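Chain A is the first sequence line, chain B the second, and so forth, proteins listed ahead of strands; every chain is numbered from 1. Every value quoted in this text rests on a predicted model; they were computed, and no experiment measured them.
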Amino acid sequence: MSIELNPQQSEAVRATEGRYLVLAGAGSGKTRVLTERIAFLIREKKISTERILAFTFTNKAAAEMRARVGKSIGTQSPPFWVGTFHSTGLKILRREAKSIGFNNNFAIYDEDDSLNLIKDIVKKKGWKLDEYPPSILRNRISRWKNALVTPEEALEKAMDAVEELQADVYGRYCRELKKCNAFDFDDLITRVVELFTVNHRIKERYARQFKYVLVDEFQDTNTIQMVMIDMLASMHGNLFVVGDEDQAIYGWRGAAIENILHFDRLYENTVIIRLEENYRSTGNILEASNALIVNNIGRKGKRLWTRKEAGDPIRLYYCEDDGGEASSVRDAIMSLLRGGYGRNEIAVLYRTHAQSRALETAMMRGGLPYQIIGGVRFYERKEIKDLLGYLKLVNNPDDDVNFRRVINVPRRGIGKMTLEKLESTAGEKNLLSAVRQPGFMDEFTPSNRERIESFSKLIAALQLKAMKETAYEVLSSVIDMISYRNYLAEDPATEQVRSENVEELLNETKRFSAYSEDPSLAAFLEEISLISDVDSLKGEEKVALMTLHNSKGLEFRAIFITGLEEGILPHYSSFDSDQEMEEERRLFYVGMTRAKEKLFLLCASSRMQFGNWTGNHPSRFLGEIPDRCCLVSGRSQTVDKKEMDRIMDDADCPADHDETAARRDSRFRVGAAVFHPSYGEGTIKAVEGTGTAMKVSVNFTGYGTKKFLASYAPFTFR
DNA sequence: CGGAGTTGAATTTTT
DNA sequence: TTCAACTCCG
């Protein structure tokens, strides 16, 4: 990248007052603009650091931004506000929790904790879990929260009996959270907005403080985040947002692309700046990316250009199966390494985590060190969640969810029946405090009484430790006191991996306790509560494997994108919606534009999915990439790209030789009642196509009509 | 209460 | 294929 800022970048850095929408193409130096702008505010405009607020997409990006600004102004760690929406919300709530009736040592429930809470509520209502899948309820509740709908309003607006029950669960869920003195993920943002709405004095205090508000990755903000931004920038009106509508890939999570498309309509006098010079990729990569993305309709439009040379052609590999694809990737990486590439300059991207398995196998066979970002995430592993459960309970004794989680881990002879009795006897009280109430345990048999009380004493001892010792010391004590290592040894098959993970967690707390200003348990729990996968990407000498979503914001000298097949990228779920199809295209675009020098695209004609083989056609997106940028190779030498495109065009025709069960299955008929694990009850409205191409349209209450490929949709019939 | 064994369901992406 | 949840028995 050039040292000097180009004219557009320079304008974006120096024009400080008012509203700015910066449309920054991939690799156009947007991070640099953001950091230079903040440095400019501090250095030239003499703005005091705590009056600047910046939002980033990950914690890692936040840390980087702070470090880069620090470097630019010559301060170690300048204390301006920078973080994700969630971590900023958390920071505000820690200070203000009292005014909305929470104790400020509240816990943060991750997805798993909330799901357990919902399961528990459903069970207590006597419902069968498979009739009311907790994940559906969680989604529904999350949507209500993000739309700022209270449980009471949800109940009023309920259209049918099912929605009434869901609203009822929503109400109970909120009350339980309050009782456990906990916030869930959504609360970290919605509660701030709620607080600001109810209490104008507090809102104004923050709005006055933040003279300058900056937002990175603006295309992936959702409606409520926009409300939060608007509130925080309401006093001074200096709002600077940077984004790229072509890189919006979180629509499925509620990101509102309208935020960026209509920003200038929302705020009069918005200045729009376009950054279109790409400093990252070579000519061929850029040309191919441009050619791909023009196929999308919903965009503001810009065309990236570069001074760089065309560089190497994009390599296209047609492979026989996923194993062949994986070994092609590995062999190509080996040759890059011989050519002087570092392992950490290479990344392999895929659409779904499930694709990583074949890649891992190939990497292991080739003795190639790799690192998976995401997958079964570290903090979601059973052994980690068990230990964190203890830590959370010690930190917040009202945490009933984690009380239930750990009371019988390792087994203490407190089973289902005893726990149920404990809960019903406790009534409205929190479990641990109930147990500690004089006389409460009289209801129980002596052996149960003994077991529960010793658990309570164990927690009490740990609580005492947590008051004066570091997170590391508390965790070590937990592991010793419950003989957790012996417990892991009971299952030799998993012992090694699990012990390694436990040691890793210990190392993590040790590092934290040594370097953090506040080494306490509470501080540690807060730190890890919002951690994401990319945050853990260290500069290690390993090839990185990750999903396309996880690659956002990163860059590598060489990029491999695998599984470029119809049904994988684009994914099946996007087939019936133009908007979702465009999001798939953007996802591919994000992946391609991560590459600085070399880009490898791979597809396989068959793939092991779920224990059986499926035949796949090459992705339609490959047909959108100009031939002149590409060099095609692969096992089927006789089949060139044009031929593949032709085959792909035929994909909609019924494959008469390949009649699947779906075709013969007369259950797929209009009017049939089906059940889908994510959308619940639905009715088939239309059936079209035959064989593997057979699609069914299903109408779900609350979700509208969705279209599925019959042979893949996880339906059950009623 | 806890373990072994069986059954059935699952794969889209995650702050 | 793999994993979680459920059932049944000691």
Side-chain angles (χ1 to χ4, degrees), chain A residues 55-62 83-90 108 110-112 119 128-130 133-135 138-139 142 146 184-189 217 220-222 224-225 248-255 349-358 373-377 379-380 382 408-420 445 447-448 451 490-491 493-494 529-535 546-553 563 567-575 580 583-584 586-588 590-591 607-614 675-678 712-716:
Chain A
F55 289 106
T56 57
F57 197 71
T58 62
N59 295 302
K60 184 176 175 244
T84 61
F85 283 94
H86 290 89
S87 64
T88 303
L90 174 58
I108 297 144
D110 59 26
E111 207 131 313
D112 197 51
K119 275 183 196 162
K128 290 259 163 42
L129 286 175
D130 52 342
S135 52
R138 224 212 85 85
N139 274 339
S142 176
N146 280 293
D184 70 9
F185 254 30
D186 293 323
D187 285 335
L188 297 180
I189 294 164
E217 306 280 9
D220 284 321
T221 52
N222 65 24
I224 191 133
Q225 288 167 345
I249 54 174
Y250 284 92
W252 54 273
R253 199 169 77 185
L349 310 181
Y350 37 78
R351 178 71 228 285
T352 68
H353 284 304
Q355 290 168 252
S356 70
R357 177 155 271 139
I373 313 296
V376 180
R377 302 200 299 277
Y379 287 101
E380 281 172 15
K382 253 197 217 91
N408 206 28
V409 176
R411 288 168 302 276
R412 299 186 171 86
I414 304 169
K416 210 173 130 215
M417 301 314 283
T418 315
L419 189 57
E420 263 171 36
T445 60
S447 61
N448 273 340
R451 288 164 181 157
E490 286 171 18
D491 185 351
T494 58
S529 64
L530 297 175
I531 229 145
S532 72
D533 302 320
V534 192
D535 297 338
M546 69 188 99
T547 62
L548 287 155
H549 282 90
N550 266 327
S551 75
K552 174 168 141 166
I568 296 191
L569 183 63
H571 195 264
Y572 299 113
S573 55
S574 66
F575 282 179
E580 284 177 49
E583 185 150 307
E584 295 291 307
R586 290 193 292 266
L587 194 52
F588 184 29
V590 166
R607 196 170 280 278
M608 183 71 123
Q609 276 172 325
F610 244 142
N612 47 37
W613 290 98
T614 54
F675 183 83
H676 187 277
S678 312
Y712 287 95
F715 288 133
T716 32

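For the C1' atoms, the distance from dA5(C) to dT12(B) is 23 Å, rounded to whole Å.
Along DNA chain B, the nucleotide nearest to Arg351(A) and the one nearest to Asp186(A) differ in position, and the one closer to the 5' end is contacted by Arg351(A). Take the nearest nucleotide of DNA chain B for Phe185(A) and for Arg411(A): the residue whose nucleotide is more 5' is Arg411(A).
Glu111(A) comes within contact range of at least one nucleobase, with a heavy-atom separation under 4.0 Å. Across all strands shown, Phe85(A) has no heavy atoms under 4.0 Å from either base or sugar-phosphate atoms. Counting non-hydrogen atoms under 4.0 angstrom, Thr418(A) reaches the backbone sugars and phosphates but no base.
Between dT15(B) and Lys552(A), no contact under 4.0 Å exists linking OP1 or OP2 to a side-chain N or O. Residue His353(A) places at least one side-chain N or O under 4.0 Å from the OP1 or OP2 atom of dT14(B). Contact annotation: Thr547(A) reaches the phosphate of dT14(B) (side-chain N/O to OP1 or OP2, under 4.0 Å). Distances shorter than 4.0 Å separate none of the side-chain N or O atoms of Ser574(A) from OP1 or OP2 on dT12(B). OP1 or OP2 of dT12(B) has at least one side-chain nitrogen or oxygen of His571(A) nearer than 4.0 Å. Residue Asn408(A) has no polar side-chain atom (N or O) positioned under 4.0 Å from OP1 or OP2 of dC1(B).
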(request) Give the intermediate values and the outcome of side chain to side chain contact (heavy atoms under 4.5 Å, CB included) for residues Leu569(A) and Leu548(A). (result) CA-CA 10 Å; Leu569(A) 183 63; Leu548(A) 287 155; 3.8 Å; yes
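Atom C1' of nucleotide dT13(B) and atom CZ of Arg586(A) are separated by 13 Å, given to the nearest angstrom. Distance, Leu188(A) CG to dT15(B) P: 14 Å, rounded to whole Å. One interatomic measurement links the two molecules: CD1 of Ile224(A) to C1' of dT15(B), which rounds to 14 Å at whole-angstrom precision. Protein atom CG of Asn222(A) is 20 Å distant from nucleotide atom P of dT13(B), rounded to whole Å. Between Arg451(A) atom CZ and dC1(B) atom C1' the separation is 8 Å, expressed in whole Å. Atom-to-atom, CD of Glu583(A) to C1' of dT13(B) comes out at 9 Å; the value is rounded to the nearest Å. In this structure, Leu548(A) places its CG atom 11 Å from P of dT13(B), rounding to the nearest Å. Note: CE (Met417(A)) to C1' (dG2(B)) measures 14 Å, nearest angstrom.
Ring pair His353(A)/Tyr350(A) is perpendicular by interplanar angle, where above 60° counts as perpendicular and below 30° as parallel. Aromatic ring orientation, Tyr250(A) versus His549(A): perpendicular (interplanar angle above 60°, classes split at 30° and 60°).
The backbone N or O of Thr352(A) sits less than 3.5 Å from a side-chain atom of Gln355(A), completing a donor-acceptor pair.
Between the side chains of Thr84(A) and His86(A), no donor-acceptor pair is found at a separation under 3.5 Å.
Put simply, Tyr250(A) does not rest on the base of dT15(B): the two rings are not both less than 5.5 Å apart at their centres and under 30° in tilt.
The shortest distance between side-chain heavy atoms of His571(A) and Glu580(A) does not fall below 4.5 Å.
The side chain of Ser573(A) has dT12(B) as its nearest neighbour among dT11(B), dT12(B), dA4(C). With dT15(B), dG2(B), dT13(B) as the choices, the nucleotide that has an atom nearest any side-chain atom of Thr352(A) turns out to be dT13(B). Here the nucleotide nearest the side chain of His549(A), chosen from dA5(C), dT15(B), dT14(B), is dT14(B).
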